[in-house]
Chemist: 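Quick one: structure below, then a few questions.
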Amino acid sequence: MLELKNIKKQFGGRTILDNFNMQVPDDQITAIVGPSGAGKTTLLRCISGLEKTNSGSFILDGKTFDPANNRDNDNVIGVVFQDFQLFPNLTVLDNITLAPQLVLKQSKTEAEKRAQELIDQLNLTGKESLYPYQLSGGQKQRVAIVRALAMNPKILCYDEPTSALDPDLRQTVENIILGLKKDNMTQIVVTHDMQFAENIADQIVRVEPIKA
Amino acid sequence: MHYVSEILPSLLSGAWMTIKIFFWTLIASIPLGILASLGLTSRIAPLRWILKFYVWLMRGTPLLLQLIFVFYGLPIIGVIFQRYDAALFAFILNYTAYFAEIFRGGFQAIDQGQYESARVLRLTRGQTLRKIVIPQVIKIVVPSIGNETINLIKDSSLVYVIGLGDLLRAGNVATARDVTLLPLVLVGVIYLLMTAVATFVLRKVEQHYRAWR
């Protein structure tokens with residue numbers, strides 16, 4: 001379980017998060033909702049270590065850890081960005097296997113074997129040698145999910161997973177997230193889409209804007 | 001025809017000098033330009049200022065003047081170069097500045113999200129640059145680098161000012177001696193051939209990077 005205690009985050013003089021607490025139970029889906037500008041994405045960026053918090057602590061399975069300075073640790077948190085941020089110069093397969101090879105020191109064969117399992121699981125079979133520009137939005141998102149999963153994260157985070165997609169793909173995303181839940185993946189989903197949050201989440205956390 | 005075969009050896013030896021200057025300048029200034037562009041976008045302010053000043057100086061004065069300064073000026077403060085080394089030194093300094101600006105533009109065109117995406121995958125900064133950022137930057141800058149490359153072939157003719165025998169100088173000598181423009185026509189043809197080769201190679205490089213967008 002991941003626990004956030006008294007998290008405080010300021011940008012310039014503006015306080016985005018103040019004394020923020022939440023718990024992310026294992027194997028469940030936690031949705032973070034709230035109006036735009038409330039700090040949902042900032043919260044996710046703090047959890048994934050892209051932003052340093054001003055104060056507060058992160059506790060993972062009883063141990064404190066600093067997501068912003070977690071290079072030597074295991075690959076605790078995976079992120080699927082709103083705009084996916086696939087690497088345009090690499091094929092689908094290379095996008096997925098790059099980090100496992102460079103960071104987890106897997107052999108090419110090993111990394112490709114694991115990638116292939118995930119590719120098949122997320123219905124991307126046959127797309128391995130394509131470049132990101134040749135994929136649809138939904139396919140790009142699935143590649144981004146596979147790329148994150150290939151690093152064996154304890155928690156997988158999504159930033160607005162429905163916003164860059166056609167409305168009719170919402171159902172597909174729901175199915176993917178619920179499917180990964182069955183495989184006991186702990187997931188955090190930031191969304192402004194309340195309906196979507198209610199459909200998938202075991203727990204909904206609201207982030208409210210702080211009045212200055 | 002007989003005359004052509006008579007002057008061709010001296011023209012070709014001049015062309016060889018042109019090619020040497022072209023080749024070594026390119027080999028040195030592209031990597032140096034990448035390094036300098038990283039410095040230009042660095043968070044360390046004094047480093048940025050120094051490099052900005054350097055770029056301003058190199059782009060703000062004629063290359064011809066820089067050649068003269070390196071060869072005739074630096075000995076005053078005790079730095080003495082051979083003609084050929086002086087030429088290379090001045091060309092590398094000058095072209096590194098241009099390449100640095102081109103690469104700076106390339107680096108700034110890369111979405112910040114690419115760095116973040118690499119970071120959450122726990123790639124190191126070096127790995128991120130090598131595997132993800134630099135390939136994308138190269139794709140962006142190839143056309144501009146190509147322009148400078150073609151310019152470099154022709155700019156190399158400026159070395160006459162410090163007495164180096166390049167292609168243009170060889171043509172000039174023959175023209176003055178034999179009172180005919182033919183050597184200079186040949187010089188033009190040889191330059192065209194060299195730029196044609198460079199254009200062809202650049203097109204191949206662009207095609208290579210066209211596999212992805």
Side-chain angles (χ1 to χ4, degrees), chain A residues 41 44-45 47-51 67-92 94-105 129-135 140 143-144 146-153 155-159 164, chain B residues 30-31 33-34 37-38 41-45 99 102-146 201-213:
Chain A
T41 296
L44 192 76
R45 291 173 62 84
I47 295 173
S48 54
L50 290 171
E51 299 284 351
N69 192 8
N70 183 37
R71 295 219 96 97
D72 311 322
N73 266 330
D74 283 344
N75 302 285
V76 178
I77 285 155
V79 183
V80 178
F81 291 96
Q82 185 170 4
D83 48 3
F84 320 130
Q85 293 295 346
L86 299 180
F87 305 130
N89 56 320
L90 301 178
T91 61
V92 166
D94 289 340
N95 259 282
I96 299 164
T97 56
L98 180 73
Q101 288 181 74
L102 291 180
V103 182
L104 304 183
K105 308 291 176 203
S129 57
L130 296 183
Y131 285 96
Y133 82 94
Q134 294 165 305
L135 303 176
K140 281 182 195 162
V143 174
V146 170
R147 186 175 66 173
L149 288 174
M151 292 296 283
N152 304 315
I155 300 172
L156 184 56
C157 302
Y158 305 80
D159 188 10
Chain B
I30 289 181
I34 294 180
S37 71
L38 290 173
T41 51
S42 152
R43 257 169 289 177
I44 308 159
F99 287 145
I102 292 172
F103 278 106
R104 182 183 60 84
F107 276 107
Q108 284 173 343
I110 304 298
D111 192 331
Q112 202 54 36
Q114 290 282 299
Y115 293 94
E116 295 188 340
S117 169
R119 182 142 169 239
V120 296
L121 290 167
R122 312 246 171 254
L123 299 182
T124 62
R125 172 135 182 100
Q127 290 167 339
T128 307
L129 283 176
R130 247 185 14 256
K131 298 286 186 180
I132 293 154
V133 176
I134 290 182
Q136 295 184 50
V137 169
I138 291 177
K139 183 183 169 78
I140 295 170
V141 301
V142 163
S144 320
I145 296 283
V201 171
L202 286 163
R203 194 157 300 156
K204 284 287 159 203
V205 175
E206 272 187 55
Q207 269 167 16
H208 173 75
Y209 279 97
R210 213 169 284 159
W212 48 273
R213 276 176 230 162

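Chain letters run A, B, ... following the sequence lines, proteins first, then strands; residues in each count from 1.
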Chemist: With heavy-atom distances below 4.5 Å as the criterion, would you say the side chains of Gln85(A) and Asp111(B) are in contact?
Modeler: yes
Chemist: Looking at Phe81(A), Tyr131(A), Phe87(A), which one has more heavy-atom pairs under 4.5 Å with chain B than the rest?
Modeler: Phe87(A)
Chemist: Which bit of Arg45(A) is near chain B, if near means a heavy-atom gap under 4.5 Å: side chain, backbone, both or neither?
Modeler: side chain
Chemist: Please flag which part of Leu130(A) lies under 4.5 Å from any non-hydrogen atom of chain B: side chain, backbone, both or neither.
Modeler: neither
Chemist: Given 3.5 Å as the limit, does a donor-acceptor pair link the side chain of Gln82(A) with the main chain of Tyr158(A), or not?
Modeler: no
Chemist: Mind ranking Gln136(B), Glu116(B), Lys139(B) by heavy-atom pairs under 4.5 Å with chain A and telling me who comes out on top?
Modeler: Glu116(B)
Chemist: For Thr124(B), is there any backbone N or O sitting under 3.5 Å from a side-chain donor or acceptor partner on Gln127(B)?
Modeler: yes
Chemist: For the side chain of Arg119(B) and the backbone of Gly49(A), is there at least one donor-acceptor N/O pair under 3.5 Å apart?
Modeler: yes
